[in-house]
Structure formats: structure tokens, C-alpha cells
Amino acid sequence: NVQFRQTKLANKYFQLEIMTNNKVNFERLTVFLIRRSYSLCGSYHYTLEMIQGIEGFDDKRAMPNYIFPSLIAKVKCKKK
């Protein structure tokens, strides 16, 4: 299960924090971020600003025991 925290920063402007855990891989977290952004804005007209949590391609192999930080992004809905 994906756990997340949603904070409304302003009208049509949000911050999403998707918590990492060993049960959910990075790909599912990013898909959740995109789908939640769509749900908040009601369309594909939004901008994502990544704050932290992006994994590199080889990070799991290079640092297998590293605990990655939560995936945090700001979502700004745009007018259609």
C-alpha cells in the first residue's frame, strides 16, 4: 500500500509526500504521484516540481542498504 501526505499550499497548488517503504517499488510511487496529481487537478494540465526522492538508475545496486527519502513534489494545477 502506498502511504502519502497531501498539503494544500494555495488554491490549486499542493505538496505531495509519498512515503517510501520496502514493499512498494519506486515505479509504483511515481505512478501514484502522477495519478494523484491528475485527480487533484481534474485534468492533465498540471506542473510537477520534484523536491526530493528521485532515484538514480543504479542506486539500488550501488547502495542496496540505503533507505531512500520520501518522494516529495509540488503540484500546480493550470487552467484548461
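Values reported hereafter were calculated over all heavy atoms of this structure, with side chains retained and with hydrogens, waters and symmetry mates removed. Residues take their numbers from the sequence shown, with the count starting at 1.
- At least one side-chain heavy atom of Thr7 sits less than 4.5 Å from a side-chain heavy atom of Leu9.
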Exercise. For Tyr38 and Tyr46, what are the C-alpha separation, side-chain angles and deciding distance, and is it a ring pair (Phe, Tyr, Trp, His ring centres under 6.0 Å)?
Worked result: CA-CA 8 Å; Tyr38 176 84; Tyr46 60 85; 7.4 Å; no

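- With hydrogens and angles disregarded, a donor-acceptor distance shorter than 3.5 Å links the side chain of Ser43 to the backbone of His45.
- Side-chain contact between Thr47 and Val75: absent, with no pair of heavy atoms (C-beta onward) separated by less than 4.5 Å.
- Between the side chain of Ser39 and the backbone N or O of Arg35, no donor-acceptor pair lies under 3.5 Å.
- For Ser70 against Met19, the heavy-atom pair with the smallest separation is OG-CA, 3.7 Å.
- Between Leu16 and Arg36 the shortest side-chain heavy-atom distance falls below 4.5 Å.
- Of all heavy-atom pairs spanning Asn21 and Val24, the tightest one is OD1-N, 2.9 Å.
- Remark: Glu49 does not engage Lys74 in a salt bridge, criterion side-chain N to carboxylate O under 4.0 Å.
- Taking every heavy atom of both residues into account, Cys77 and Phe14 meet most closely at SG-CE1, 4.2 Å.
- Looking only at side-chain heavy atoms (C-beta outward), Gln6 and Glu17 stay at 4.5 Å or farther from each other.
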For this session: Apply the test side-chain contact (heavy atoms from CB on, under 4.5 Å) to residues Lys23 and Val2: give CA-CA distance (whole Å), side-chain angles for both, the deciding distance (0.1 Å), then the verdict.
Result: CA-CA 9 Å; Lys23 298 176 186 172; Val2 175; over 6 Å; no

